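Since this is a predicted model, take the numbers as computed values, not measurements. Each chain gets a letter, A, B and so on, in the order its sequence line appears, and its residues count up from 1.
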Number of protein chains: 2
Amino acid sequence: MAGTIKEIARIANVSRGTVDRALNDRPGVNKEVAQRIKEIARSMDYKPNSVAKALASRNRQFVIGVLINSIGNPFFDDVILGIEAARQEIKDFGFQLKMRKMRGYNAKEQLELIKTFVNEGIDAFAITPVSDPMIRDALNEMIADGIHVVCFNLDLVGVNYLAYVGCDYYKSGETLGGMIGYITGGKARLGVIACTNNLEGHRMRVEGCQRVLEKEFPQSEIVEVIEAEDNDEIAYQKTLRMLEERKEINALCFNAGGTRGGLQAVRDLGLEKKLDIFTFDLTPAVIEGIQNGIVKSTVCQQPFTQGYQSIKILFDAVLNDVIPENDHLYTDLSVKIKYNL
Amino acid sequence: MAGTIKEIARIANVSRGTVDRALNDRPGVNKEVAQRIKEIARSMDYKPNSVAKALASRNRQFVIGVLINSIGNPFFDDVILGIEAARQEIKDFGFQLKMRKMRGYNAKEQLELIKTFVNEGIDAFAITPVSDPMIRDALNEMIADGIHVVCFNLDLVGVNYLAYVGCDYYKSGETLGGMIGYITGGKARLGVIACTNNLEGHRMRVEGCQRVLEKEFPQSEIVEVIEAEDNDEIAYQKTLRMLEERKEINALCFNAGGTRGGLQAVRDLGLEKKLDIFTFDLTPAVIEGIQNGIVKSTVCQQPFTQGYQSIKILFDAVLNDVIPENDHLYTDLSVKIKYNL
DNA sequence: ATGAAAGCGCTAACAT
DNA sequence: ATGTTAGCGCTTTCAT
């Protein structure tokens, strides 16, 4: 039984207020007294009761800001469900979520929104960061000001965040490569519809795939990589063009948004039966494609968990001063086919 | 802002005690008054604060019993991790877990342990039930006595549980069938090492696999199904025998425990290269097999989540009277290959 | 720098 | 049947 502040106070012969101040490094307590109190706490293996803590500091509402790159990208629907689930769990602890959504990967636009959050005053922040030094610096500044930060879905090197919560993009590419090798019998002539080369994660995804094909399925090759910028219209046009120009292509993979457009191009060319098609994530277009048999398999990265865990980590940091032991929380990669959707 | 008991009391012109009694259907409150109080609560969309609730009823310790079929089956290691994670989260709410482990699927033995739990007095119960009418009846009796029950990993029809938390075994079999078809190029002569025919789930697993092979890969067939009872030694002997007698077998799948033993038989016969091998779950033997390239793919069922969610559901039921909307919580089925372990 | 006391929202024992 | 009151463990304000 881990003891309470009251007990510590009795043993230390001080008041409960003093114990609270000492244990939480609040100002206004004699150094030696604080030392003694901490010693007693340690000796009795004192663990603060987070329930009581939450109740007591309920007058102070904590605010977690969330900035998410979700507009126009259905992948994020499940991420948001995870965020909402976490919101429910922590609201009775006096936590409030403030979520803003943006479209695309414009660093300036994102920077503006970050500033808005900072001005409004938040205790913690979760973001899908654009790869840009400006963003990196802005986040580090927040962190220096004592705001806890988590990056999710997209990693950004150089940020002193509490954690990155998202998939290992390289590994996700390798996994795709493995499935392509298995299903094409090792003889893939692959066309890749990627996101944009500006996103490090998505670049690594292509590299991971390439490595596995080269090493394990040497009769395979990547014929061409095009960039669709998560946009269905661009994906449609470029896929059409690629398939017309490169008749040798027998397999296609869609690495990010724009899958719906790309699949439409395949259909319009009547190539559904001739191509082995692979995707990432489980958007409605992908689900439909798998059910129709057009898409053979997809590699998923636990969107719900990404949203849920990001918020829970921030919650634990703000309320209980818990810092995650590992600053990279890689979400499970799972392969889906027709039967385990 | 959802209001508090205090406010309701003020509006209804009664004391907080009465409001508490009315809202929680405790005895000793006038019917009409109770009605009025509930009406007010509804009108202001009152939601009890679970944090305060937990703190207040902290003197009463809640006990959740857990009976798990884990001894000798490494699959359950992760399930137990999930249970432990949940334990941490709910302990400050005054919840205590009492876990007992058993080996195998003996109904009488399980019944004895259930009785022990009942005698000791528990508020909720999570169990991996053996398929037996005795167990079904014992659980329904508990439920009638007001103890919340969740079945996890194994379903048991006829139990009025709060929920079953585990995989859809039929679907898991279909998923396996799909992978077998893809990887063998549709030409599998399959040997199946199953658990035991007594477990409905594991029977359905074989059926699901069979259905997909018949329908989608008609050049494939299941050559033989043997039962290994989750036991490595039995699996070793029977696999050895099967492979020696049925030389046409070119693919193997291990549906449950005993994988380590079965894989050893394959190695001893020097057939690693000649067979496509498939498994379920991610036990150490499977991980090793996949890394070595002996095992091609495995179908996983989220053991951590099974443990974690089972406890969380019981917690929510006991503390907040939350009944899950769906009494079947199927955990995600994910295919793993060498690259997304 | 420290103590005393009020209170977070709810429950439960005790009074009436 | 209903009201009153004392907590649960912690934070915070106000005295001292």
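- Checked against side-chain hydrogen bond (donor to acceptor under 3.5 Å, both in side chains), A:T128 has no partners two or more places apart in sequence or in another chain.
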Please tabulate the protein-to-nucleotide N/O contacts below 3.5 Å involving nucleotides 2-4 of chain D, giving atom names and distances.
| residue | atom | partner | partner atom | Å |
| --- | --- | --- | --- | --- |
| D:dT2 | OP2 | B:N30 | N | 2.4 |
| D:dG3 | OP2 | B:S15 | N | 2.6 |
| D:dG3 | OP2 | B:S15 | OG | 3.2 |
| D:dG3 | OP2 | B:T18 | OG1 | 2.8 |
| D:dG3 | N7 | B:R21 | NH2 | 2.8 |
| D:dG3 | O6 | B:R21 | NH1 | 3.2 |

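- Nucleotides of DNA chain C that come within less than 4.0 Å of any heavy atom of chain B span, from the 5' end to the 3' end, C:dC8 to C:dA13.
- Of the possible donor and acceptor atoms, none in the side chain of B:D168 sits under 3.5 Å from a partner among the backbone N and O of B:L333.
- Atom CG in A:L23 sits roughly 13 Å away from atom C1' in D:dG9 (whole-Å rounding).
- B:K98 meets the side-chain hydrogen bond (donor to acceptor under 3.5 Å, both in side chains) test with B:E120; sequence neighbours excluded.
- For residues 144-166 of chain B, the ring-ring contact (aromatic ring centres under 6.0 Å, His included) pairs, not counting sequence neighbours, are B:Y164-B:H328.
- By the ring-ring contact (aromatic ring centres under 6.0 Å, His included) test, A:Y308 pairs with no residue at all, sequence neighbours left out.
- Rounded to whole angstrom, the span from the CD1 atom of B:I37 across to the C1' atom of D:dA1 amounts to 11 Å.
- Residues passing the side-chain hydrogen bond (donor to acceptor under 3.5 Å, both in side chains) test with B:N320, sequence neighbours excluded: B:D316.
- A:R136 meets the side-chain hydrogen bond (donor to acceptor under 3.5 Å, both in side chains) test with no other residue; sequence neighbours excluded.
- Computed from coordinates, the A:N49 CG to D:dC8 P distance equals 12 Å when rounded to whole Å.
- Note: NZ (A:K53) to C1' (D:dT12) measures 14 Å, nearest angstrom.
- Residue B:I5 is classed as a sugar-phosphate contact, given heavy-atom separations below 4.0 Å to backbone atoms only.
- Where B:R26 and B:A52 each meet DNA chain C at their nearest nucleotide, the meeting point lying more 5' is that of B:A52.
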Would you list the atom pairs, donor with acceptor, under 3.5 Å between side chains in residues 19-29 of chain B and any protein atom, with sequence neighbours excluded?
| residue | atom | partner | partner atom | Å |
| --- | --- | --- | --- | --- |
| B:D20 | OD1 | B:N24 | ND2 | 3.0 |
| B:D20 | OD1 | B:R26 | NH2 | 3.1 |
| B:D20 | OD2 | B:R26 | NE | 3.3 |
| B:D20 | OD2 | B:R26 | NH2 | 3.2 |
| B:N24 | ND2 | B:D20 | O | 2.9 |
| B:D25 | OD1 | B:K38 | NZ | 2.7 |

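- Dense packing is recorded around CD of B:E109, with more than 12 heavy atoms of other residues, nucleotides or ligands lying under 6.0 Å away.
- Going from atom CG of B:N13 over to atom CD1 of B:I11 covers 10.0 Å, rounded to the nearest 0.5 Å.
- Using a 4.0 Å cut-off, no side-chain N or O of A:K47 falls inside it from OP1 or OP2 of D:dG9.
- For DNA chain C, no neighbouring residue in residues 85-97 of chain A is found when judged by any heavy atom under 4.0 Å.
- A ring-ring contact (aromatic ring centres under 6.0 Å, His included) check over residues 25-58 of chain A, counting only residues at least two apart or in different chains, returns nothing.
- Within 6.0 Å of atom NZ in A:K91, more than 12 heavy atoms from other residues, nucleotides or ligands are found, so the atom counts as buried in its surroundings.
- End-to-end axis angle of the helix from C:dA1-D:dT16 to C:dT16-D:dA1, from C1' rotation axes over five pairs per end: 50° (rounded to 10 degrees).
- For the residue pair B:N153 and B:Q306, a side-chain donor N or O sits within less than 3.5 Å of a side-chain acceptor on the partner.
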